Amino acid sequence: MTDVQASGPVLAADGRPLKRSLARALRRQKLRALMLIAPLLFFVAITFVIPIGSMLFRSIENNIVGDTLPETVLAIASWDSASGELPDEEVYAAFVRDMIVAVKNKTHTRLGSRLNYELAGISSMFRQSGRQVRKWDPVEDAPFRDKLIDVHKGWGEVSTWALIQTYSGPYTSGYFLNAVDLQLTPEGIKLQPEEKRILIKLFIRTLVMSLIITGACILLGYPVAWLLANLPTRKANLLLILVLLPFWTSLLVRTSAWKVMLQQQGVINDVLVWLGFVADDSRLIMINNQFGTIVAMTHILLPFMILPMFSVMQTIPPSYLRAAKSLGATNWTAFWRVYFPQSIPGIGAGCILVFILSIGYYITPEIVGGTKGVFISNRIAYHISSSLNWGLAAALGTILLVVVLMLYWAYDRIVGIDNVKLG
Amino acid sequence: MKLKTLILTAASSAFIALPALAQEMTIVSWGGAYTKSQINAYHTPYSEMTGVTIINDDSAAEAVAKLRAMNEAGNVTWDVVDVVAADAIRLCDEGLAMEIDPDTQLADAPDGTKASEDFGDLIVSDCFIPQIVYSTTFGYRTDMVGDTPPTDVCAVFDTATYPGKRSLEKRPINNMEWALICDGVAKDDVYDVLATAEGQQQALDKLATIKDDVIWWSAGADTPQLLADGEVVMGSTYNGRLFSVIEEQNQPVAMLWDAQVFDLDGWIIPTGLSPERQARALDYVKFATDTQRLADQAKYISYGPARKSSAPLVGKHATLGIDMAPHMPTDPDNAKNTFLYNYVFWADFRDDIDAKFQAWLAQ
């Protein structure tokens with residue numbers, strides 16, 4: 001090729017270079033495809049990504065202190081809490097000026113409940129002081145230090161001001177630290193006092209019990225799925241309805257039914273006493289503990305295990321087993337070496353479904369779990385709806401999400417996510 | 001052409017629907033027998049009088065969280081909300097409930113007494129309009145306590161005399177107070193003791209003596225069910241629930257009024273309503289908390305009316321025909337030894353003690 005001019009780039013019919021023309025057509029196609037899924041993308045972003053993202057953001061957001069007490073936050077920055085001395089009058093005056101504005105906007109009590117999560121008693125300090133401060137004039141009534149301490153002796157304690165200083169930034173790691181049984185103090189990060197440590201324990205319990213439930217679902221679900229896949233279609237359909245029937249019943253009804261079955265004056269205990277297996281005064285305790293949670297949740301989640309297993313097993317030709325046997329394999333070898341490996345994708349899909357669902361379970365452990373069978377989600381629900389500590393709830397939720405993603409990643413590395421089939 | 005008619009019809013019906021919408025209000029309460037008593041005593045007469053349609057929503061248990069979310073979204077869909085006093089204080093603190101002036105915005109008593117005086121101390125927050133006094137107290141199985149039925153709250157901690165399970169609420173409030181009283185702390189000192197870490201530990205240690213015998217409940221219906229099934233020998237719950245087990249379902253259960261804890265339930269009006277919705281909410285609340293209406297509610301459920309002037313008007317149960325006065329928690333015979341829920345204390349210490357309590361439960 002010596003004559004570049006002659007060969008040149010290949011041209012399309014309209015005289016433009018073919019390469020560019022092709023790229024353009026491809027781009028247009030992609031754009032059209034994107035337009036087709038745009039409504040779905042938009043829907044997912046609006047209803048899923050943005051709300052969850054904003055909820056997770058609450059786990060570090062801490063604007064409330066700086067917004068409610070802007071002058072105090074500036075004035076207190078130079079104070080050294082380790083000195084053991086109270087901040088000077090300037091801080092108190094700034095605080096009173098901030099409070100007068102906050103009381104007018106009714107935001108001071110909101111800040112009080114925020115800080116009360118970190119130090120019990122601050123909530124009423126803000127409420128009480130608010131009633132007094134609104135009568136004060138920021139100039140004429142100065143100085144304020146002794147007046148504030150008169151209103152509530154808490155303002156005369158270094159720990160109060162140190163707490164405000166520690167939490168004065170717009171972002172805080174405090175919620176995440178609380179979520180793993182640590183606390184952010186003026187002296188740095190510390191362990192929670194022993195009598196308040198509970199969340200790590202709940203995280204571990206949630207993971208361990210979810211694993212047990214997943215295991216129980218495999219053991220119970222595998223034979224059922226096998227039966228479903230190998231029975232004649234008519235019988236299999238009938239059986240499938242039996243599997244699906246509880247699935248269509250309300251979750252609460254099924255959980256409450258377990259209560260009736262398992263309680264000490266319940267059906268199972270009554271039958272055992274009647275048969276003479278158990279003495280009347282030593283009835284078995286099967287509910288309001290971990291056992292109750294495992295039984296009820298295994299029952300509720302079983303269809304999520306059976307259905308993927310069933311749909312995978314349906315695709316395994318029965319002739320493979322016959323071929324293995326005709327080549328001399330025993331029943332067990334034929335199952336274990338030929339059938340079982342082909343059913344693993346179904347088990348994998350079932351495991352992921354059941355495990356991830358059970359990690360976030362909340363209502364069943366609440367009803368049948370007693371004290372030792374509750375999950376981390378019960379604490380999240382408590383902080384969302386009762387204590388209103390949404391920051392801590394968001395931090396707990398974020399950690400749970402990260403743990404699930406990590407497990408998913410580990411699963412992908414060990415088993416391989418391509419090895420999962422829903423049918 | 002067809003499409004055009006369709007759009008026109010849709011648009012015009014939307015306009016017709018608007019005024020109808022304006023005549024609706026959503027009232028949030030607790031559901032069950034309690035909401036029924038409110039429908040009978042307040043909603044039905046109010047609807048007949050004004051033509052306003054009332055929609056009931058049973059989400060009072062999550063009212064604070066939901067109102068906070070609605071407020072952040074800028075779309076408050078509730079008009080009047082029934083909450084316990086502790087929640088009313090929190091809603092007021094968060095700026096989610098509007099402040100009420102009882103003397104100008106609520107009805108006077110028939111004899112002209114101002115509302116603020118008629119409700120008295122029960123107005124525990126500037127945003128709170130008291131409605132009923134209820135109590136958390138114990139019920140026991142009469143057939144499971146032998147010949148010496150309990151008369152003292154400390155029977156709960158006496159597993160030797162009264163063997164069997166007990167049901168207690170899965171939260172520190174009330175349980176910590178009862179534990180301290182039964183551990184020898186004087187009633188007046190309970191909250192001073194409970195404000196210290198040692199006092200909290202003392203209460204938990206006392207509860208630990210019966211920990212293996214306790215079924216912890218989280219829904220008010222749990223204890224009545226556990227009592228009816230004979231799962232527990234005694235258990236705490238709201239007095240109205242026990243009334244229904246004893247009088248309406250005729251179960252072998254009796255009340256142990258000793259050391260009952262009074263609590264209040266009442267209305268709040270959310271902030272952020274449009275002026276006409278707010279005016280209607282105020283109008284409803286003024287009607288529903290007048291002397292006669294509060295006394296009427298006691299015909300359907302055994303909770304005491306919050307107005308002093310309503311007490312003499314309390315009559316018989318609407319269907320059972322029994323006198324309601326002896327079943328009221330405020331009846332002098334029942335109220336020999338009582339507590340009033342300490343709102344200020346629990347607003348401060350709830351988060352702290354709850355963390356300890358839950359950690360203790362999980363041990």
Side-chain angles (χ1 to χ4, degrees), chain A residues 54 105-114 116-128 130 178 181 192-199 201-202 205 256 259-260 263-266 281 285 287-288 366-367 369-372 374 378-379 381-390 392-393, chain B residues 59 61-66 68-69 72 87 89-96 99 125 163-165 167 170-171 195 197 200-201 204 211-212 214-219 222 225-226 228-232 271 343-363:
Chain A
S54 80
N105 300 332
K106 293 184 189 143
T107 51
H108 64 299
T109 43
R110 191 178 285 201
L111 177 63
S113 10
R114 159 69 187 98
N116 204 61
Y117 297 137
E118 315 300 336
L119 187 66
I122 285 214
S123 159
S124 67
M125 277 167 65
F126 273 87
R127 213 178 303 120
Q128 274 184 29
N178 281 345
D181 287 340
Q192 278 294 3
E194 195 174 346
E195 68 268 22
K196 284 172 81 172
R197 281 179 225 156
I198 176 175
L199 297 169
K201 192 188 268 179
L202 284 182
R205 180 193 289 167
S256 308
K259 226 169 155 174
V260 176
Q263 65 184 3
Q264 281 194 288
Q265 306 294 324
D281 53 356
I285 300 172
I287 203 165
N288 296 322
E366 181 71 32
I367 294 176
T371 58
K372 296 208 168 63
V374 293
N378 297 82
R379 270 331 260 174
Y382 168 80
H383 285 301
I384 288 279
S385 64
S386 291
S387 82
L388 293 188
N389 193 348
W390 287 5
L392 180 54
Chain B
S59 343
E62 299 98 42
V64 188
K66 285 197 173 171
R68 197 201 238 190
E72 285 187 11
D87 281 347
I89 293 173
R90 288 201 293 169
L91 287 166
C92 216
D93 277 359
E94 296 248 335
L96 298 172
E99 287 181 12
S125 155
K165 298 248 178 199
S167 61
K170 202 193 274 182
R171 63 171 197 176
Q200 292 156 15
Q201 195 54 49
L204 290 178
K211 196 177 176 187
D212 292 336
V214 175
I215 294 176
W216 301 94
W217 61 266
S218 41
D222 287 346
Q225 177 253 324
L226 291 167
D229 288 353
E231 278 285 294
V232 296
T271 48
Y343 303 104
V344 178
F345 176 84
W346 283 112
D348 278 346
F349 285 91
R350 182 182 160 131
D351 301 314
D352 188 42
I353 296 184
D354 191 81
K356 290 181 184 172
F357 183 78
Q358 299 295 341
W360 171 81
L361 274 184
Q363 270 164 25

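Letters A, B, ... mirror the listed sequences (proteins, then strands); counts begin at 1. A quick note: this is a predicted structure, and the numbers were derived from the prediction, not measured. Reckoned from all heavy atoms, side chains included, excluding hydrogens, waters and symmetry mates.
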Distance check, rounded to the nearest 0.5 Å: [X] atom [atom1] versus [Y] atom [atom2]?
X	Y	atom1	atom2	result
A/T107	B/E94	OG1	CD	11.0 Å
B/D229	A/K259	CG	NZ	9.5 Å
A/S113	B/R90	OG	CZ	8.5 Å
A/K196	B/I353	NZ	CD1	10.0 Å
A/L119	B/D351	CG	CG	11.5 Å
A/Q265	B/L226	CD	CG	10.5 Å

Least distance between heavy atoms, [X] atom then [Y] atom:
X	Y	answer
A/L388	B/A65	CD2-CA, 3.7 Å
A/R127	B/A347	NH2-CB, 3.6 Å
B/D348	A/S123	OD1-CB, 3.4 Å

Quick one: does A/R379's side chain have a donor or acceptor within less than 3.5 Å of a partner on B/Q358's backbone? no
Ignoring hydrogens and angles, tell me if any N or O in the side chain of A/E195 forms a donor-acceptor pair with the backbone of B/A359 under 3.5 Å. no
When B/E99, B/Q201, B/R171 are compared by non-hydrogen pairs under 4.5 Å with chain A, the top option: B/E99
When B/E62, B/R350, B/R68 are compared by non-hydrogen pairs under 4.5 Å with chain A, the top option: B/R68
Could you give me the CA-CA distance, side-chain angles and deciding distance for B/I215 and A/Q263, then say whether side chain to side chain contact (heavy atoms under 4.5 Å, CB included) is met? CA-CA 11 Å; B/I215 294 176; A/Q263 65 184 3; over 6 Å; no
Contact part of [X] toward chain B, heavy-atom cut-off under 4.5 Å: side chain, backbone, both or neither?
X	result
A/E366	both
A/N116	both
A/S386	both
A/Y382	side chain
A/R205	side chain
A/K106	both

Under the side-chain contact (heavy atoms from CB on, under 4.5 Å) test, which residues partner B/K211, sequence neighbours left out? B/W360, B/Q363
Between chain B and each of A/R197, A/Q264, A/K372, A/Q192, count heavy-atom pairs under 4.5 Å; write down the option with the most. A/Q264
When heavy-atom pairs shorter than 4.5 Å are enumerated against chain B, which of A/P193, A/G370, A/S124, A/S385 gives the highest number? A/S124
Measuring heavy-atom distances to chain A, does B/A69 have an atom under 4.5 Å in its side chain, in its backbone, in both, or in neither? both
What part of B/D87 gets within 4.5 angstrom of chain A, counting heavy atoms only: side chain, backbone, both, or neither? neither
Results of ring pair (Phe, Tyr, Trp, His ring centres under 6.0 Å) for A/Y117 - residues two or more places apart only: none
Hey, are the side chains of A/V374 and B/K170 touching, using non-hydrogen atoms and a 4.5 Å cut-off? yes
